[in-house]
Amino acid sequence: MDHRMIEKYEKGWLYLASLLIALLVIITIVNVVKSTIPSVTAHHGHEVRTINLQNIASTPFATPGLKQNEMGQYELYMISMAFMFNPPEVKVPAGKPITLYVTATDVLHGLQIENTNVNIQVIPGEVAKVTYTFKKAGTYRVGCNEYCGAGHANMMSKIIVEDTK
Ligand SMILES: [Cu+2]
């Protein structure tokens, strides 16, 4: 090969390398921009929003429990903390969609409602949202499924589903 051909060949690789670097820079910028937007991400079938835990007193989490919004829809606010759920027990109506909002105030927790497919990872500073309709009345135990410390096994709450009318 004469040196001109070799130059061409090298130029090809140079272009390819530059292209890959440019691509990496673009991907990085896109990811950084994405991560700075207060995000509503959906994973494991539930939505996640961010919350400033310093301002929790000015949110509905100040008084956890079942609420009805202005449209009459049920909203259940729960807090996971070491080593309890707040509220420790709550009554909800059967056959009505209940939108559960849950956050953690200290460390990573889980919130799993027995006999349902509700199984949420609860992260401090994030609010997970999931809507569920309990078809059958009864007591549903709520447990933590992320090891959170010595009292993990005692983290327990109850959702008492009652027939309306
Ligand atoms: Cu736990």
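Each ligand, and each atom within it, is numbered from 1 in the order the structure gives. No experiment lies behind these values; they were computed from the predicted model shown.
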Subject >> Side chains of Gln68 and Gln73, donor plus acceptor under 3.5 Å >> reply: no
Original post:
Hey, what's the angle at the Cu ion (ligand 1) spanning SG (Cys144) and ND1 (His152), nearest 10 degrees?
Top reply: 120°
Original post:
Which angle, to 10 degrees, forms at the Cu ion (ligand 1) with O of Glu146 on one side and SG of Cys148 on the other?
Top reply: 110°
**OP:** Under the side chain to side chain contact (heavy atoms under 4.5 Å, CB included) rule, what do Phe61 and Asn86 come out as? Steps first, then yes or no, please.
**Re:** CA-CA 9 Å; Phe61 287 104; Asn86 192 1; over 6 Å; no
Subject >> Non-hydrogen atoms of Thr164 and Ala94 that approach each other most closely >> reply: OG1-O, 4.2 Å
Original post:
At their closest point, which heavy atom of Met155 faces which heavy atom of Met81, and how far apart are they?
Top reply: CE-O, 3.5 Å
Original post:
So, is His109 placed with an N/O/S atom under 2.8 Å from the Cu ion (ligand 1), counting both backbone and side chain?
Top reply: no
